[in-house]
Amino acid sequence: MEQYIVKGGNPLVGEVEIGGAKNAALGILAASVMTSEPVTIENLPDVRDTAVLIQAMESIGTKITRIDRHTVMVNASNIDSMTIDDGYIKKIRASYYMLGSLLGRFGTAQVALPGGCNIGSRPIDQHLKGFRALGAKVEVSRGMISAQTDALVGNHIYMDVVTVGATINVMLAATLAVGKTIIENAAKEPHVVDVANFLNSMGANIKGAGTDVIRIKGVERLHGTTYSIIPDQIEAGTFMFAAAITKGDVMIRNVIPKHLESISAKLIEIGCEIEEFDDCLRVVAPRRLSNTQVKTLPYPGFPTDMQPQIATTLALSEGISIVTESIFENRFKYVGELLRMGANIKVEGNTAIIEGVDGFTGAMISAPDLRAGAALVLAALVADGFTTIDDIKYIERGYEDFPEKMRQLGACIEKVETDRDIQKFKLKVG
Ligand code: EPZ
């Protein structure tokens with residue numbers, strides 16, 4: 001079984017390059033089938049979730065040519081099926097974007113109900129409500145969602161909750177609807193804006209992405225484009241916390257500092273120094289960090305995808321910290337693993353009460369989901385002795401070359417498969 005093995009103790013020092021945003025990439029890949037002309041997507045992260053979506057797109061006849069590791073050319077001129085049901089697609093959340101894109105272009109789509117990280121019940125009612133408001137007949141049965149219409153017609157849609165997925169999905173379908181759509185209470189995340197910018201570069205007419213009201217004037221057709229995906233806010237944030245927890249000094253390159261403001265603000269509050277440049281950030285953690293309170297919120301609030309990383313860091317900071325998760329109800333599963341490493345954390349409902357301890361000890365732990373898995377790697381980087389982390393398939397869903405990038409900063413981490421590999425690693429690092 002593939003695992004990471006880590007020997008803790010090294011402060012991270014050096015430079016790291018951030019890749020393209022996974023969650024923008026998933027929306028953009030799905031949107032790329034909305035034209036029959038070729039689309040080139042640059043800065044595409046080479047992670048498992050994008051690979052799975054590409055495979056699903058290929059399964060309906062999309063031709064995808066990899067130009068280099070981070071660039072693909074998508075040709076959706078010969079799509080021969082509107083049904084996506086391959087075994088893998090159920091494992092990712094973003095499969096639902098193929099509903100919006102296929103429904104928009106062809107007026108019909110059938111996609112297997114989405115899976116994704118088990119971080120809560122994750123309903124899709126707002127997606128379905130949006131499609132219905134645009135005039136589609138939507139049914140969920142036998143594990144499939146089917147949507148169909150003779151013509152999509154623009155409408156005024158109020159989202160009952162702020163949802164990234166439904167905002168993007170309705171935006172995709174509405175792009176090719178007849179007339180005007182207004183999405184109120186829209187999500188404002190950077191990846192929502194990036195998908196809107198991508199669609200606009202294909203000839204869509206979308207205004208207001210990044211605010212809570214998005215206005216879309218339907219267009220008849222979209223054309224080809226070449227587009228470069230924004231840097232990944234969460235990968236960047238994860239390395240910022242990796243610098244913080246290890247008392248390191250890391251220059252994080254290829255980022256948009258504005259997207260990282262809520263993360264930088266918290267790091268400064270607990271004692272880090274942050275230097276901001278045009279497209280990079282330096283994080284220095286000169287001493288033991290202090291406690292704080294944090295609540296996850298939709299953008300521009302503190303991201304739920306950074307909650308495990310900050311909680312893990314606070315578990316080693318001075319004093320008592322409170323972390324409240326307000327987006328997903330099941331996102332503290334990693335706490336049990338941190339307890340095995342010596343953390344002192346009590347979870348009550350959606351709140352974690354964290355009493356900082358002086359250190360963690362290495363243990364055998366498992367990644368319960370993507371971001372929690374990354375946070376456990378951060379814990380392992382500072383733990384006394386060796387830690388093995390199982391279920392790294394979750395981490396690989398969203399982090400490209402995670403151990404390699406950590407190693408480049410001085411971390412002692414390796415991906416291993418067998419007990420022999422583990423012994424070899426232990427002998428090598430002593
Ligand atoms: C996206 O998930 C991301 N996934 C998640 O990334 C991220 O945690 C989340 O947004 C929040 O930022 C992708 O982009 C593929 P939501 P999504 O719809 O779209 C409720 C990661 O680690 N809701 O914004 O599924 C929902 O239950 C991950 O990269 C409804 O009630 O999240 C949640 O409480 C995991 N009805 C809240 O809204 C709906 O129809 C926000 O969910 C849809 C959502």
Side-chain angles (χ1 to χ4, degrees), residues 19-31 45 47-50 52-53 56 89 91-100 113-133 138 140 145 157-172 183 185-195 212 229-230 232-238 259 262-263 296-309 324-331 333-334 350 367-375 393-400 402:
K22 171 194 73 121
N23 289 341
L26 295 168
I28 286 171
L29 277 170
V47 293
R48 199 161 285 178
D49 274 12
T50 51
V52 170
L53 185 57
I89 196 71
K91 296 193 180 140
I92 68 166
R93 193 80 198 145
S95 53
Y96 53 40
Y97 290 144
M98 294 306 293
L99 272 174
L113 271 167
C117 281
N118 179 11
I119 52 179
S121 65
R122 308 188 80 179
I124 51 162
D125 55 304
Q126 299 302 303
H127 301 240
L128 307 189
K129 167 179 137 169
F131 295 147
R132 288 188 179 119
V138 183
V140 181
I145 313 167
I157 299 162
Y158 184 90
M159 295 289 175
D160 299 328
V161 287
V162 179
T163 140
V164 171
T167 301
I168 291 179
N169 226 345
V170 172
M171 194 165 75
L172 292 173
I183 307 175
N185 200 25
K188 296 180 279 202
E189 268 67 4
H191 36 291
V192 174
V193 180
D194 209 33
V195 178
D212 50 17
I229 295 173
I230 52 165
D232 197 303
Q233 176 203 22
I234 306 300
E235 188 195 8
T238 302
H259 295 167
S262 63
I263 299 165
T296 61
L297 287 170
Y299 189 83
F302 192 86
T304 172
D305 293 348
M306 288 302 302
Q307 181 262 100
Q309 300 89 319
T324 306
E325 172 57 59
S326 81
I327 311 291
F328 292 110
E329 71 266 25
N330 197 10
R331 223 170 183 181
K333 279 186 296 178
Y334 63 92
N350 67 344
D369 62 68
L370 164 58
R371 307 302 171 185
K393 59 179 187 288
Y394 290 114
I395 302 173
E396 291 176 341
R397 294 176 74 138
Y399 291 91
E400 180 180 313
F402 200 48

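Every number for a ligand or one of its atoms is a count from 1 in the order of the listing.
- Looking at V164 next to ligand 1, an N or O pair under 3.5 Å apart turns up.
- Residue-level proximity to ligand 1 for Y399 is absent, since no heavy atom of it falls below 4.0 angstrom.
- Here F328 has side-chain heavy atoms under 4.0 Å from ligand 1, and that is the only part of it that gets that close.
- Only the backbone of V162 comes within 4.0 Å of ligand 1, counting heavy atoms alone; no side-chain atom from C-beta on gets that close.
- Both the backbone and the side chain of T163 come within 4.0 Å of ligand 1, judged by heavy-atom distances.
- Counting heavy atoms under 4.0 Å from ligand 1, residue I327 touches it through both backbone and side chain.
- When H191, R331, R397 are ranked by how near their heavy atoms come to atom 35 (C) of ligand 1, first place goes to R331.
- Using cut-offs of 30° and 60° for the angle between ring planes, the Y299 and H259 rings count as perpendicular.
- Legend: residues meeting salt bridge (Lys or Arg N to Asp or Glu O under 4.0 Å) with E396, ordered by chain and number and at least two apart, are R48, K415.
- Judged by the shortest distance from any of its heavy atoms, M306 lies outside the 4.0 Å radius around the atoms of ligand 1.
- Of all non-hydrogen atoms in D305 and R371, the two that sit nearest each other are O-CG, 3.4 Å.
- Near K22, meaning under 4.0 Å from one of its heavy atoms, ligand 1 places the atoms 21 (C), 29 (O).
- In R371, the part holding a heavy atom less than 4.0 Å from any atom of ligand 1 is the side chain.
- When only interatomic distances are considered, the shortest N/O to N/O separation between A166 and ligand 1 does not fall below 3.5 Å.
- Between atom CG of residue N23 and atom CG of residue D232 there is a gap of 7.0 Å, rounded to the nearest 0.5 Å.
- The N/O atoms of T304, backbone and side chain alike, include none that comes under 3.5 Å of an N/O atom in ligand 1.
- For ligand 1, the polar-atom distance check finds an N/O of G165 within less than 3.5 Å of one of the ligand's N/O atoms.
- Closest heavy-atom approach to atom 5 (C) of ligand 1 among the candidates I92, I124, V161, D305: D305.
- The CG atom of L26 sits 9.0 Å away from atom CD1 of I168, with the distance rounded to the nearest 0.5 Å.
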